[in-house]
Number of protein chains: 2
Amino acid sequence: MARATIKDIALAANVSPMTVSNVLNGRRAKASDETVERIMVAVRELGYRPNMSARSLVSNASRMVGVVIPFTETQNQLLLDNPFYAEMISGIESALRQNGYYMMLSGVGESNAQLDTLSHWNMDGLIVLGVYREGLYQHLRELDLPTLLIDSYIDDAHFHHLRLDDEAAAYAATSHLIARGHTGIALVTGVIRTSGVIERRLAGYKRALSEAGIGFDAARVLSGSVTFDWGAEAADRLTQLPGVTAAFCTADLIAAGLLAGLHRLGRRIPEDYSVMGFDNLPVSRMVYPALTTVDQSILEKGKLAGDLIARVLRKEAAPRESTTDVRIVERDSVLDRRPK
Amino acid sequence: MARATIKDIALAANVSPMTVSNVLNGRRAKASDETVERIMVAVRELGYRPNMSARSLVSNASRMVGVVIPFTETQNQLLLDNPFYAEMISGIESALRQNGYYMMLSGVGESNAQLDTLSHWNMDGLIVLGVYREGLYQHLRELDLPTLLIDSYIDDAHFHHLRLDDEAAAYAATSHLIARGHTGIALVTGVIRTSGVIERRLAGYKRALSEAGIGFDAARVLSGSVTFDWGAEAADRLTQLPGVTAAFCTADLIAAGLLAGLHRLGRRIPEDYSVMGFDNLPVSRMVYPALTTVDQSILEKGKLAGDLIARVLRKEAAPRESTTDVRIVERDSVLDRRPK
DNA sequence: CCATCTCGGTTTAACGTAAAACCAGCATCT
DNA sequence: AGATGCTGGTTTTACGTTAAACCGAGATGG
């Protein structure tokens with residue numbers, strides 16, 4: 001026997017299909033209690049499951065939100081092995097679900113093909129994580145859907161934004177090190193793209209130095225990629241730098257690599273070098289020593305993103321731009337050098 | 001202007017909608033090159049995007065495979081923060097995409113609600129990661145879809161299976177420690193459910209001991225959960241055990257915790273305790289010292305899973321049960337105690 | 001020379017659902 | 001008494017696509 005449809009229910013409950021539809025979707029309270037009861041019995045007995053394809057076709061909506069994350073650069077693979085994205089997605093999914101929406105995950109790499117697949121499924125809205133080439137944003141605009149960009153500084157009224165105050169966060173982290181007596185502070189970071197997150201963190205780093213009367217030295221900015229391997233490599237560079245006693249890494253993944261690299265070179269942490277991370281990923285507790293880091297409560301941010309897009313989809317008032325807070329988590333990777 | 005439909009294309013190319021459909025889907029080569037060309041031009045000019053809802057409705061298929069992972073126990077949240085699942089999903093998605101399928105991710109917790117949502121969308125097949133209560137499998141059977149279970153020992157001809165030889169893997173790991181002169185070997189593991197993965201690993205551990213003439217001591221089996229925190233806690237228990245010089249953890253996450261716990265207690269690794277993990281997660285390289293572990297190439301396994309279900313959906317011959325291989329990765333957390 | 005096949009399509013109908021318009025019967029106002 | 005509104009529905013139509021059946025013209029076969 002094929003799956004029961006709304007018509008089968010109608011037949012069994014002796015009403016019209018439209019009444020079944022109305023009752024099931026809680027529209028216009030146009031049904032007597034008795035009718036509702038008959039319908040519900042039929043639904044249960046026939047094991048009715050709504051057909052979302054049909055619903056989506058006729059209503060031109062899907063109750064699905066597409067979530068876009070980058071593909072890895074080398075292989076065309078979801079960047080889920082980056083725990084940052086993984087945690088964010090958990091948060092998004094959770095909030096969407098509680099708002100009655102469903103998540104459809106898609107990676108995006110060089111082509112827009114995957115984005116198209118999303119659009120073929122009639123997404124109600126989109127959440128886009130991370131930074132992409134400009135062409136993608138053009139494509140997003142053309143899809144003309146409610147779209148929330150996370151951690152992106154694209155300037156366009158078409159998009160909603162969720163991000164943290166990267167400048168202030170980097171300022172806070174650098175100041176944390178300065179307050180503990182460090183003056184030789186390196187910045188270990190990913191690629192500096194214009195108009196991006198890292199640029200702003202660099203600005204915060206500079207401001208903290210400048211306010212403390214420490215001169216900025218471009219040689220102390222080590223720029224690579226947001227990976228463990230780059231962190232490990234950066235250790236070699238860091239130890240060449242005279243006068244440096246601390247490193248602020250703009251990602252925990254980089255910091256973890258730096259720790260490993262410094263171990264390899266026989267340096268002690270935090271005695272020889274203090275290290276700060278960024279994100280407060282689970283891994284920051286697992287490395288040795290546990291990382292002092294900037295917590296940006298990724299899970300909460302993801303949930304907020306889900307709530308925001310749900311608000312937009314319900315046509316409720318929602319801010320065009322939202323900013324989340326940041327907080328420093330002290331663990332064991334930073335030495336207090338101040339004289340007692 | 002609304003999105004162009006197949007009818008608009010038909011009008012513009014001066015053919016019937018059916019011909020457009022046939023050309024676009026490469027069915028029965030029933031179109032002259034010239035017609036194909038005209039259609040393609042129209043498709044490009046009108047920016048046609050297929051409507052999957054309509055397609056799915058009429059063809060009763062979706063080219064989507066549902067991927068089920070557990071929710072966290074405490075909150076109802078995707079267990080994506082477990083890098084094991086994250087990596088597996090990357091692999092699955094990649095393979096599905098290459099086979100022309102799309103992935104729809106869903107968490108499952110206490111209720112079957114989320115599984116129902118999947119079924120409302122007309123999934124073509126399912127991939128189920130991890131172990132659940134029996135009720136879920138009953139529900140899965142009722143959905144009557146091609147279903148691949150990963151790492152599950154449910155015995156039912158209705159399902160396809162993909163797993164590794166857990167007994168042999170644990171045997172290999174334990175033997176690795178024995179070969180390096182260890183005789184006091186603890187097993188630190190998650191919850192031992194009947195008919196589960198861990199039970200088999202326990203069996204492999206026992207067999208290795210027995211073949212080496214080492215007596216099995218139940219006190220040396222520390223069972224908790226597959227978390228960093230349990231590993232950290234287990235350090236206290238481990239250090240109470242007389243004669244123990246090594247621990248085989250059935251997950252890298254546990255091993256990472258154990259390392260942190262032993263550091264806290266001032267023990268050196270591997271000098272005081274050798275530690276082995278399982279999975280070869282990225283984190284196993286990041287901890288200090290880097291973990292010797294059992295690599296189960298999760299990404300490849302995920303890809304294999306995607307390929308397998310695609311084969312089943314194409315009605316090609318596909319094995320009911322597949323087993324993947326395992327390999328030991330030597331790093332710095334195991335001491336060779338054999339006399340030189 | 002008639003039957004059959006192939007090519008390049010067309011026509012018809014249907015998938016399951018919901019929006020919109022409609023309607024009968026009764027109660028209520030004025 | 002006629003207009004109006006409410007209750008509890010029903011009917012009609014449409015969404016975009018594809019499966020299945022059909023068809024005319026020319027080629028092929030015996």
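Below, chains carry the letters A, B, ... as their sequence lines are ordered, and counting in each starts from 1.
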Is A:Arg63 positioned over the aromatic face of A:Tyr101, cation under 6.0 angstrom from the ring centre and no more than 45 degrees off axis?
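Relative to the ring axis of A:Tyr101, which defines the angle, A:Arg63 lies inside both limits.
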Please identify which of these residues, B:Val312, B:Leu313, B:Asn60, meets the side-chain contact (heavy atoms from CB on, under 4.5 Å) condition with B:Asp124.
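The option that passes is B:Leu313.
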If we check side-chain contact (heavy atoms from CB on, under 4.5 Å) with B:Tyr48, which of these qualifies: B:Leu24, B:Asp8, B:Ile39?
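Of all the options given, the one that passes is B:Leu24.
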From the set [options], return the single nucleotide nearest to any side-chain atom of [X].
X: A:Tyr48; options: D:dG9, D:dC15, C:dT17; result: C:dT17
X: A:Ser16; options: C:dG16, D:dT11, D:dT18; result: D:dT11
X: B:Asn51; options: C:dG16, D:dG16, D:dG9; result: D:dG16
X: B:Ile6; options: D:dT18, C:dG16, C:dT10; result: D:dT18
X: A:Met18; options: C:dG9, C:dA19, C:dG16; result: C:dA19
X: A:Ala54; options: D:dT18, D:dT17, C:dT17; result: C:dT17

Base, sugar-phosphate, or nothing: which does A:Ser53 touch, judged by heavy atoms less than 4.0 Å apart?
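The answer is nothing, as A:Ser53 stays clear of every strand by at least 4.0 Å.
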Give A:Pro50 one of three labels, base, sugar-phosphate or nothing, depending on what nucleic acid heavy atoms sit under 4.0 Å from its own.
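Contact class for A:Pro50: sugar-phosphate only.
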Any heavy-atom pair between the side chains of B:Val128 and B:Ile150 that's under 4.5 Å?
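Not in contact.
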With a 4.5 Å cut-off on side-chain heavy atoms, are B:Trp121 and B:Ser56 touching?
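With C-beta onward as the side chain, the pair stays apart.
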Among B:Arg163, B:Lys301, B:His161, whose side-chain hydrogen bond (donor to acceptor under 3.5 Å, both in side chains) with B:Asp151 holds?
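For B:Asp151, the side-chain hydrogen bond (donor to acceptor under 3.5 Å, both in side chains) test succeeds with only one of B:Arg163, B:Lys301, B:His161, which is B:Lys301.
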Between the side chains of B:Ser106 and A:Tyr102, does any donor sit under 3.5 Å from an acceptor?
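Present: a donor and an acceptor within the cut-off.
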Can you find a side-chain donor-acceptor pair between B:Asn99 and B:Arg314 that sits under 3.5 Å?
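Looking only at side-chain atoms, B:Arg314 and B:Asn99 do form a donor-acceptor pair, the distance falling under 3.5 Å.
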Between atom [atom1] in [X] and atom [atom2] in [N], what is the gap in whole Å?
X: B:Leu57; N: D:dG16; atom1: CG; atom2: P; result: 12 Å
X: B:Lys7; N: D:dG16; atom1: NZ; atom2: C1'; result: 7 Å
X: A:Arg3; N: C:dG16; atom1: CZ; atom2: C1'; result: 10 Å
X: A:Asp33; N: D:dG8; atom1: CG; atom2: P; result: 9 Å
X: A:Asn25; N: C:dA18; atom1: CG; atom2: P; result: 5 Å
X: A:Arg55; N: C:dC15; atom1: CZ; atom2: P; result: 18 Å
X: A:Leu24; N: C:dT17; atom1: CG; atom2: C1'; result: 11 Å
X: A:Glu37; N: D:dG9; atom1: CD; atom2: P; result: 14 Å

Check this one for me: any side-chain N or O of [X] less than 4.0 Å away from OP1 or OP2 of [N]?
X: A:Thr19; N: D:dG9; value: no
X: A:Ser32; N: D:dG8; value: no
X: A:Ser56; N: C:dT17; value: no
X: B:Ser59; N: C:dC15; value: no

Angle by which the axis turns from one end of the helix from C:dC1-D:dG30 to C:dT30-D:dA1 to the other, five pairs per end, to 10 degrees:
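The angle, to the nearest 10 degrees, is 40°.
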